[in-house]
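Note that the structure is predicted; figures quoted are calculated from it, not measured.
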Amino acid sequence: MNTALADDRSAVTGRRRIAFAVRTDAAGLPGTAALLRSLALAAPDVCEDVVVLHPGLPDEAFDVLRRLHPRVVARRDGGLADSLRPAGYDTVVVLTPDSVVLGDVRPLLRLRHGVGAVPRTGADDARGGLLDGVLVVQRADLDETLLARLAAGEDPATALEKVLTPVDGRYDFPAARLGDDLPVPADVAVLRFPAGSGAPASGPAAEARGRFETDDEAFRAAYCALPGEKHPELLAHLAPPLLAARPSLDLARTVAEVHRRQGRYDEAVEVLGPVVGDRLDAPRCQETLGVCLMALSRYAEAEARLLLAAASPDVAPRAYAQLARLAWILGRDEDARRYALEGLDADPTDAGCHAWHVRTRAEEERADGGADGGGEPAPAREQLAHVALFAEGRENAGDKVLPEAVRLCFGPGTGPRRWYAQPVHRLVDEAALEELNARRGVVVGGGGLFLPDTSPNGNSHWQWNVPDALLERLTAPLAVFAVGYNVFDGQPYRRARFAESLRVLVERSAFFGLRNHGSIDRVRELLPAGLRDRVRYQPCPTTVARRLVPGWTDPAERTDTVLVNCAYDRAGLRFGHDYGHFLAQTAFALRGLRERADVRYAAHMPADERFVDDLRRVHGLTLPVEQLYERTNGEIRALFRTSRLVIGMRGHAGMIPFGCGTPILSLVSHPKLAYFLSDIGREEWGLSVHDRDLGPLLLERAAAVLDDHAGAVADVHAAQRPLWEVTRANLGELREVFGPA
């Protein structure tokens, strides 16, 4: 992955930036190359920046390293401070070019405090000085005073005594201890040779290092042949030259899957298409190719590939589920239902086919956010069209509440009489455009629709599947209402297609409102200067539910309940190497909270319940679960409005209870939570999932809410008022845009 294509909002989310660092000169480059090979082969699922500090070598000197690793960062060596804490990183694992990695080094990446090093003893001549071996440096704990003491020549063990964190000896094992004949202990993770010694002549240590002194092709082949998980960036970097030299169907599919997960669908098709052809004996490859073609909106080709995949009994259920999705996207409901039934014939237990069968069978009763008494729909010219994600069944509870909240902004009627529903993922073709143009207006929103990967398409590169040419022919007044830029921190995003689609969207819109100022800034960056001022602020309507829901009354009393929520979609982007830390810290906080309140877990969707399972399995802590995805919108709001506090990681685990007048604390793993809290001037309500002291801080802030609950509720109401004023002013303008109902 080209990291320049990824959104870096670590300053917003608190995500740790981690790097390996190695200090070398020209003579040390061969050893550094062996180190990189060993790192990839011993830790195939780890891919962090590798900062190579050098005395002034030409840039091309590092080409040999760049062939081995996609994230080599060459920097001029500025001395001790640079080598111990290179700029831009929070945690640095310092290695030497005379080392090789033989085992799992991920525990080093999980260290959070101090300067980690293997303790030295007076008799430990083989290990050498503290700064000569492996170090794990937390930038926050190595301040300028300590660096100055080290630079002045003070003994490192003395200077760093208060911040030293002991590390097991297997992470810095001196090869000198082994001589020429002793075997390398099986648990050694990092084997270090004397500085400048090069490879030893013979013996088990020499053999251990010799495995990594090989040519590029042999290294790539060894990496790609490894069993188990491999890091997608490493695999995508190392496999293509191997594929070009020796095409392999299995490797092509593996690489294509990596490209698919990173949103590089065109590259996936380029890798897999020429290799798979029309082969019937490669159904999984055909399935992957079909899914990637669908993501590029090459629907006819995708359907042909998926039909080839469906010919295999092993792959048929998954392929038919994808075929049902494809047909539904194209508005072919009967075909979608037929494909779903064929998949259920192949496997009656397949969840995907079952979900599509239920959806297509009840399409005319699509959940649209509420009801207004039923009856016949009003004439088209009296309706508003609503383009949104309409969640159904056991899908995300927040996505069920949101469409109704949007519609409530325009009046109490939220059902099909007053609203025409256009699912955002369905292709806008000529027939769909005609339906939209027949309405008195089109509302797109809300939710984080500016996102490339939930239901990818090649037409717009965001969630509304609309080609530019058809969008330009939309004649009904268009309002983009409370949409969010939902790209994750560190998520790859190819913006060129999105930026062009965005330009057409803004030009065509009579109103263009985004739900937080962070989204406004991100979107303005992608627009021509002349369009940037048209992007304005419209808070998510869930945040003002008290003002929208008919007959709303604030609760006179609340239950003694604290609700907690976590999210697991794109877990790697949310947690990085810190999930174990996050779990331990939240366990600490929740144990303290359980002494004061009934702590329960609010699952917005079934996948959220992993937190409860992990908490019980790892820390022996059990929480009762409220399955919000099984509740109605009214029941969800009732639970939130009568709770005393909601601690949530999902955006709507904060915005919905806030809109109900309930105090919140946000577990920030996505920029949108921090953006919302910044908008309301309550940044202290957010805690990064990466915070080293998350547990004590969370407990302290939650206890403060419970101690002065009346004050906390009043604070929520005060923070809500400006959002309502903005919303009310925008709605006044939109009444003029859309005209009378």
request  = Would you check if Y265 and H259 make a side-chain contact, meaning some heavy-atom pair closer than 4.5 Å?
outcome  = no
ask   = Are the side chain of R701 and the backbone of L665 linked by a donor-acceptor contact shorter than 3.5 Å?
value = no
request  = Could you check whether the rings of F611 and Y601 sit parallel, tilted or perpendicular, using 30° and 60° as the cut-offs?
outcome  = parallel
request  = Compute the ring centroids of H461 and Y493, then answer whether they are less than 6.0 Å apart.
outcome  = yes
query = Relative to each other, are the rings of H604 and F640 parallel, tilted or perpendicular (30° and 60° limits)?
reply = tilted
query = Ion pair present between R16 and D578, side-chain N to carboxylate O less than 4.0 angstrom?
reply = yes
inquiry  = If you apply the rule side-chain contact (heavy atoms from CB on, under 4.5 Å), what do you find for R536 with N730, and how did you get there?
reply    = CA-CA 10 Å; R536 54 203 295 186; N730 288 340; 3.5 Å; yes
ask   = With no hydrogens and no angle check, do the side chains of S519 and N516 hold a donor and an acceptor under 3.5 Å apart?
value = yes
task = May I ask you to say whether E144 pairs ionically with R85, meaning some side-chain N is under 4.0 Å from a carboxylate O?
result = yes
message = Could you check whether R600 and S643, counting side-chain N and O atoms only, form a donor-acceptor pair closer than 3.5 Å?
response = no
ask   = For P663 and A712, which heavy atoms make the closest approach, and how far apart are they?
value = CG-CB, 3.8 Å
ask   = Is the shortest heavy-atom distance from the side chain of L449 to the side chain of N486 under 4.5 Å?
value = no
Identify every side-chain donor-acceptor pair in residues 559-567 under 3.5 Å, counting partners at least two apart or on other chains, and give the distances.
{"residue": "T559", "atom": "OG1", "partner": "T561", "partner atom": "OG1", "Å": "3.0"}
{"residue": "T559", "atom": "OG1", "partner": "T642", "partner atom": "O", "Å": "3.1"}
{"residue": "N565", "atom": "OD1", "partner": "M649", "partner atom": "N", "Å": "3.4"}
{"residue": "N565", "atom": "OD1", "partner": "R650", "partner atom": "N", "Å": "3.2"}
{"residue": "N565", "atom": "ND2", "partner": "A602", "partner atom": "O", "Å": "3.0"}
{"residue": "N565", "atom": "ND2", "partner": "D608", "partner atom": "OD2", "Å": "3.2"}

query = Would you say the side-chain atoms of T414 pair up with the backbone N or O of E404, donor to acceptor, closer than 3.5 Å?
reply = no
query = Do any N or O atoms from the side chain of E507 and from the backbone of V504 form a donor-acceptor pair under 3.5 angstrom?
reply = no
inquiry  = On a heavy-atom basis, which atom in V612 and which in V625 lie closest, and how many Å separate them?
reply    = CG2-CG2, 3.8 Å
query = If you round to the nearest 0.5 Å, how far is CZ of R631 from CG of L639?
reply = 5.0 Å
task = Mind listing the closest non-hydrogen atom pair of L573 and R15 along with its distance?
result = O-CD, 4.3 Å
task = Give, for atom CG of L687 and atom CD1 of I647, the distance between the pair rounded to the nearest 0.5 Å.
result = 9.0 Å
Under 3.5 Å donor-acceptor, D489 side chain and R9 backbone = yes
query = Are E525 and R522 close enough for a salt bridge, meaning some N to O gap below 4.0 Å?
reply = yes
request  = Kindly determine whether E725 and R547 satisfy salt bridge (Lys or Arg N to Asp or Glu O under 4.0 Å), including the steps that lead there.
outcome  = CA-CA 11 Å; E725 292 303 319; R547 308 281 189 161; over 6 Å; no
message = For the CD1 atom of I664 and the CD1 atom of I656, what is their distance to the nearest 0.5 Å?
response = 11.0 Å
Given V92, L111, V115, the one that forms side-chain contact (heavy atoms from CB on, under 4.5 Å) with Q138 = L111
inquiry  = Side chains of Q491 and D453: any donor to acceptor distance under 3.5 Å?
reply    = yes
Closest non-hydrogen atom pair, Q262 against P232 = NE2-CB, 4.0 Å
ask   = Heavy-atom distance under 4.5 Å between the side chains of R570 and H670, does that happen here?
value = no
request  = Might you work through the side-chain contact (heavy atoms from CB on, under 4.5 Å) test for V73 and Y89, ending with a clear yes or no?
outcome  = CA-CA 12 Å; V73 180; Y89 300 98; 4.0 Å; yes
query = Which atoms form the tightest heavy-atom contact between S501 and L471, and what is the distance?
reply = O-CD2, 4.5 Å
inquiry  = Quick one: does any side-chain atom of N633 pair with a main-chain N or O of K400 as donor and acceptor, under 3.5 Å?
reply    = yes
query = Is the centre of the F676 ring less than 6.0 Å from the centre of the F658 ring?
reply = yes
request  = Determine whether E630 and R394 make a side-chain contact, defined as any pair of heavy atoms from C-beta on separated by less than 4.5 Å.
outcome  = yes
query = So, the side chain of S666 versus the backbone of V668: is there a donor-acceptor pair under 3.5 Å, distance only?
reply = no
message = Just by distance, no angles: are the side chains of R17 and S10 close enough, under 3.5 Å, to form a donor-acceptor pair?
response = no
query = Does any N or O in the side chain of Q720 come within less than 3.5 Å of the main-chain N or O of G659, such that one atom is a donor and the other an acceptor?
reply = yes
message = Contact between L583 and L615 at the side-chain level, heavy atoms closer than 4.5 Å - yes or no?
response = yes
key: Aromatic plane relationship, Y579 with Y568 - under 30° parallel, 30 to 60° tilted, over 60° perpendicular   = perpendicular
key: E48 side-chain N/O to F20 backbone N/O, donor-acceptor pair under 3.5 Å   = no
Qualifying residue for side-chain contact (heavy atoms from CB on, under 4.5 Å) with V406, from L548, V443, V401 = V443
message = Pairing donors with acceptors under 3.5 angstrom, does anything connect the side chains of R574 and S669?
response = yes
remark   = When rounded to the nearest 0.5 Å, the distance separating NE2 of H709 from OG1 of T662 is 6.5 Å
ask   = Atom CG in L698, atom CG in D691: separation rounded to 0.5 Å?
value = 10.0 Å
request  = Find out whether R494 and R264 are in side-chain contact, i.e. whether some heavy atom of one side chain is under 4.5 Å from a heavy atom of the other.
outcome  = yes
ask   = With a 4.0 Å cut-off, would you call D614 and R617 a salt bridge?
value = yes
Beyond-backbone contact of L505 with F512, side-chain heavy atoms, under 4.5 angstrom = yes
message = Rounded to the nearest 0.5 Å, what separates atom CG in L526 from atom CD in E500?
response = 12.0 Å
ask   = R692 side chain to R112 main-chain N or O, any donor-acceptor pair under 3.5 Å?
value = yes
ask   = Can you say whether the rings of F481 and F511 are parallel (under 30°), tilted (30 to 60°) or perpendicular (over 60°)?
value = tilted
inquiry  = Is there a side-chain contact between L731 and R728 in this structure, where contact means two heavy atoms from C-beta onward sitting under 4.5 Å apart?
reply    = no
ask   = If you look at every heavy atom in C47 and E233, which pair is closest and at what distance?
value = SG-CB, 4.0 Å
task = Could you tell me whether D90 and R139 have a side-chain N and a carboxylate O separated by less than 4.0 Å?
result = no
query = Do the numbers put R637 on top of the ring of W552, so that NZ or CZ is under 6.0 Å from the six-membered ring centre and no more than 45° off the axis?
reply = no
